[in-house]
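To keep things clear, I will list the structure first and then write my remarks on it.
Computation of the quantities below employed the complete heavy-atom set of this structure, encompassing side-chain atoms and omitting hydrogens, waters and symmetry-equivalent molecules. Numbers restart at 1 for each chain; the letters A, B, ... are given by sequence-line order, proteins then strands.
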Amino acid sequence: MLTLFNTLTGKQEPFESIEPKQVRMYVCGVTVYDYCHIGHARSALVFDVLRRYLEYGGYRVEFVKNFTDVDDKIIKRANEQGVSCETITSRFIDAYYEDMGKLGIERATKEPKATEHIGEIIQMTERLVGKGLAYAVGGDVYFQVEKYPAYGRLSKRKLEDLQAGARVDIDERKRHPMDFALWKSSKPGEPSWPSPWGPGRPGWHIECSAMSIKHLGETFDIHGGGMDLIFPHHENEIAQSCGATGKEFARYWIHNGFVQVNQEKMSKSLGNFFTIREIFEKSKWSEAVTGEMLRYFLLSTQYRGPLDFSDQSLKEAKNALNGFYDLFNRLAETGEGVPKVEQAVRTRLDEAQRAFEAAMSNDLNTPVALAVFQTLRSDVNKLLGSGLSTQERQQAREAFRSLGAVLGLFQLERWQFGESLKGLESAVKAGQLTPMVEISDERIEQMITERREAKKQRDFKLADAIRAELASHGITIEDKPDGTSRWKR
RNA sequence: GGCGCCGUACCCAAGUGGUAAGGGAGCAGUCUGCAAAACUGCGAUGCAGCGGUUCGAACCCGCUCGGCGCCUCCA
């Protein structure tokens, strides 16, 4: 039974879908005016994993994730660069797909854009005005928070408290300082659409209400996003959605914690952020490996807690994965005709599966899920020591693959253990290393055979020289008890 | 000023009232010509501090200290 922490109730609760075996969920995506940083990656990954786990549990998931493509920051960026807003948004939507693709984030079922839902937004705004929950001033339309008694329920704030600390300049035209814009009149040169209140553009919050209701219905199961969206974004979404429909909006509100750098929130305003593409560009490892490292790192802490990003934490993720892929290499080898202990492996794999599900069902406790894999790794290594048949090896590898798929881990056929040639370029340039030359698999096998001969002749000097030669090409050797060797890059 | 979060071994990190998971690093072994990998053993009488509730608390309550987030765009 999956339980999730619901921000709305402040408690962890059993998840029950509105319709059996079907989940409808909406996640606030990004505003496309710049490249995504690791914080965006974490959020995208958390909901990607939630979606995968729901599907693993047999649910059909209708997953909607939006792009905010009309916004002050986009307009500003377009003006700075002297291009259209559309140029900006399409560039960063492409970048988003590219970056998230490298991380193995699956696409949502639908990924709507705000600008494609202006009609729905206007309709909803009219509905709110018609119900007396919103009012027009000049070309702007505001939602009147005092007309919505439950305002503050999600963020646990009272209207009075908000006023006290309001840092915003008070707009005299608003009836209450906390009233927020549903529709903004547009200034010359800004994107604009005709509306009953004159040419303008949507406010920020209304787009998510309009799009989620259009694609998922007035009441749906899960609504998610980063912690910082709780207030005001999600609070406002609830007010305007429930206000308009008179129905419950989303049942479970899920929010992920921040990625930090040196214990501080990573954000654009602080300038301490790392973009996803920057990490890939600087990585010493291949794209696939870097993607999996990042995933492992991002899942090493439960999604609601803070997560500190550093080179060391990435390195630890890499080391952990090395251990798994080392095992997978061994599992890929043919098992000798060893005494059958098949039941022991099967039993152990089934236990691990149950433990994995228990961890994931506990509010997506991915650190515990990773610990389950670690323990399984250790146990399979032990069983391997007493000999496993080819079939048992395949079963074990398959268990890692199928369970790991929920987290997007352990899917690679080839893992890169050492730093790549590309990654060492700078060291070579700095004269710290001599250039390394790519070496073919055939050549490696040939050298290993030569080394084996040398070992047979007990010419360890030559054997070690060959090993050193291979090492200089980034190849590591492991000798097996039967005299043969396995190697890895 | 309001709302809220966090503080567990050298590092990362679980723990949701019943006596401290897991990983990394370190040390010591087994195996090995050596190496690598793997395996075995060692590692917090204590969970920021102080009180309280309880038969029993890292977990509940109160206070203190330290760090952080939201209240303005923000994953």
Review point. Taking atom CG of A:D441 as the centre, does the number of heavy atoms from other residues, nucleotides or ligands within less than 6.0 Å exceed 12?
Key: yes

Review point. Can you tell me how far C1' in B:U19 sits from the matching atom in B:A38, rounded to whole Å?
Key: 34 Å

Practice item. Mind checking A:R377 for me? I need base, sugar-phosphate or nothing, with any heavy atom below 4.0 Å counting as a touch. Key: sugar-phosphate

Practice item. Just call it for A:D479: base, sugar-phosphate, or nothing, with non-hydrogen atoms closer than 4.0 Å on any strand. Key: base

Review point. What is the distance, rounded to the nearest whole Å, between atom CG of A:L327 and atom P of B:A37?
Key: 14 Å

Exercise for review: Could you tell me if the ring centre of A:F92 sits under 6.0 Å from that of A:Y33?
Suggested key: no

Exercise for review: Using a heavy-atom cut-off of under 4.0 Å over every strand shown, decide if A:E478 touches base, sugar-phosphate, or nothing.
Suggested key: base

Check your understanding: If the P atom of B:A48 is compared with that of B:A58, how far apart are they to the nearest Å?
Key -> 10 Å

Exercise for review: Return the value, rounded to whole Å, for the distance between atom CG of A:L4 and atom P of B:U16.
Suggested key: 18 Å

**Study point:** Separation of B:A14 P from A:D363 CG (nearest whole Å)
**Key:** 12 Å

Review point. Which part of the nucleic acid, if any, lies within reach of A:R42 when heavy atoms closer than 4.0 Å are counted: base, sugar-phosphate only, or nothing?
Key: nothing

**Study point:** Nearest-neighbour nucleotide for the A:E316 side chain, B:C34, B:G15, B:C12 considered
**Key:** B:C12

**Study point:** Integer angstrom distance from the P of B:G49 to that of B:C59
**Key:** 10 Å

Exercise for review: Indicate, with a heavy-atom threshold strictly under 4.0 Å, whether A:I230 touches base, sugar-phosphate, or nothing.
Suggested key: nothing

Check your understanding: With sugar-phosphate meaning primed atoms plus P, OP1 and OP2, does A:F258 contact a base, only sugar-phosphate, or nothing at under 4.0 Å between heavy atoms?
Key -> base

Exercise for review: Determine the interatomic distance between P on B:G22 and the same-named atom on B:G33; round to the nearest Å.
Suggested key: 33 Å

Check your understanding: Are A:Y151 and A:Y148 near enough that their ring centres are under 6.0 Å apart?
Key -> no

Check your understanding: Do A:F220 and A:F249 have ring centres separated by under 6.0 Å?
Key -> yes

Practice item. Check each of A:R486, A:R452, A:R451 against A:D479 using the salt bridge (Lys or Arg N to Asp or Glu O under 4.0 Å) test, and report the only one that passes. Key: A:R451

**Study point:** Given B:G22, B:A14, B:C73, the nucleotide with the shortest approach to the side chain of A:T375
**Key:** B:G22

Review point. Between B:A36 and B:C31, how far is it from one P atom to the other, in whole Å?
Key: 16 Å

Exercise for review: Check every strand shown and say whether A:G226 touches a base, only sugar-phosphate, or nothing at a heavy-atom separation below 4.0 Å.
Suggested key: sugar-phosphate

Point to revise | Quiz item: cation-pi between A:R175 and A:Y142, 6.0 Å / 45° | key: no

**Study point:** Closest to side chain of A:P367, choosing from B:A75, B:A14, B:C3
**Key:** B:A14

Check your understanding: Tell me: CG of A:D459 to P of B:G33, nearest whole Å?
Key -> 15 Å

Exercise for review: Using atom CZ of A:R452 as one end and atom P of B:G33 as the other, report the distance to the nearest whole Å.
Suggested key: 14 Å

Check your understanding: Distance check: side-chain N/O of A:N381 vs OP1/OP2 of B:C39, anything under 4.0 Å?
Key -> yes

Practice item. Give one of base, sugar-phosphate or nothing for A:K265, where a contact means two heavy atoms less than 4.0 Å apart. Key: base

Review point. Within this structure, what is the CD-to-C1' distance between A:E235 and B:G4, rounded to whole angstrom?
Key: 14 Å

Study note, to complete from the structure: Closest to the 5' end of RNA chain B, once A:S313 and A:F231 are matched to their nearest nucleotides, is A:S313

Review point. A:N365 side chain: which of B:A14, B:C70, B:C34 is closest?
Key: B:A14

Exercise for review: Let me have RNA chain B in dot-bracket notation, would you? Count Watson-Crick plus G-U wobble pairs, both distances under 3.5 Å, and use [ ] for pairs crossing earlier ones and | for inter-strand partners.
Suggested key: ((((((((.[[[..)..(...]]].(((((.......))))).....[[[[[..)....]]]]])))))))....

Review point. Is A:V259 touching bases, backbone alone, or none of the nucleic acid, heavy atoms closer than 4.0 Å?
Key: base

Practice item. Please state whether the base of B:C73 and the side chain of A:D228 form at least one donor-acceptor pair under 3.5 Å? Key: no

Point to revise | Spacing between A:Q302 atom CD and B:U8 atom C1', to the nearest angstrom | key: 16 Å

Exercise for review: Decide if the gap between the ring center of A:H255 and the ring center of A:H234 is smaller than 6.0 angstrom.
Suggested key: yes

Point to revise | Whole-angstrom distance between B:C12 and B:A44, as gauged at atom C1' | key: 15 Å

Review point. Quick one: which of B:C3, B:U16, B:C39 gets closest to the side chain of A:K382?
Key: B:C39

Practice item. Scan side-chain atoms only and decide if A:N365 and A:Y303 contain a donor-acceptor pair under the 3.5 Å cut-off. Key: no

Exercise for review: Pick base, sugar-phosphate or nothing for A:Q312, based on heavy-atom distances below 4.0 Å to the nucleic acid.
Suggested key: sugar-phosphate

Practice item. Say whether, by atom type as modelled, one donor and one acceptor occur between the side chain of A:Q260 and the main chain of A:N262 under 3.5 angstrom. Key: no

Review point. Base, sugar-phosphate, or nothing for A:G225, non-hydrogen atoms under 4.0 angstrom?
Key: sugar-phosphate

Practice item. Using a heavy-atom cut-off of under 4.0 Å over every strand shown, decide if A:D464 touches base, sugar-phosphate, or nothing. Key: base

Check your understanding: Are more than 12 heavy atoms from other residues, nucleotides or ligands located less than 6.0 Å from atom CD of A:E445?
Key -> yes

Point to revise | C1' gap between B:A9 and B:G23, integer Å | key: 13 Å

**Study point:** Any A:S300 side-chain nitrogen or oxygen under 4.0 Å from OP1 or OP2 of B:G23
**Key:** no

Review point. Considering heavy-atom distances to RNA chain B, does A:R458 or A:A371 have its closest nucleotide positioned more toward the 5' end?
Key: A:A371

Review point. Which whole number of Å gives the distance between the C1' atom of B:A21 and that of B:C27?
Key: 23 Å

Exercise for review: Indicate, with a heavy-atom threshold strictly under 4.0 Å, whether A:R467 touches base, sugar-phosphate, or nothing.
Suggested key: base

Exercise for review: Check the distance between B:A75's P and A:D99's CG and give it to me in whole angstrom.
Suggested key: 14 Å

Practice item. Show your reasoning for whether side-chain contact (heavy atoms from CB on, under 4.5 Å) applies to A:S209 and A:Q240. Key: CA-CA 7 Å; A:S209 291; A:Q240 63 205 2; 3.0 Å; yes

Exercise for review: Remember a base hit wins even if backbone is also touched, and classify A:G257 as base, sugar-phosphate or nothing at under 4.0 Å, heavy atoms.
Suggested key: base

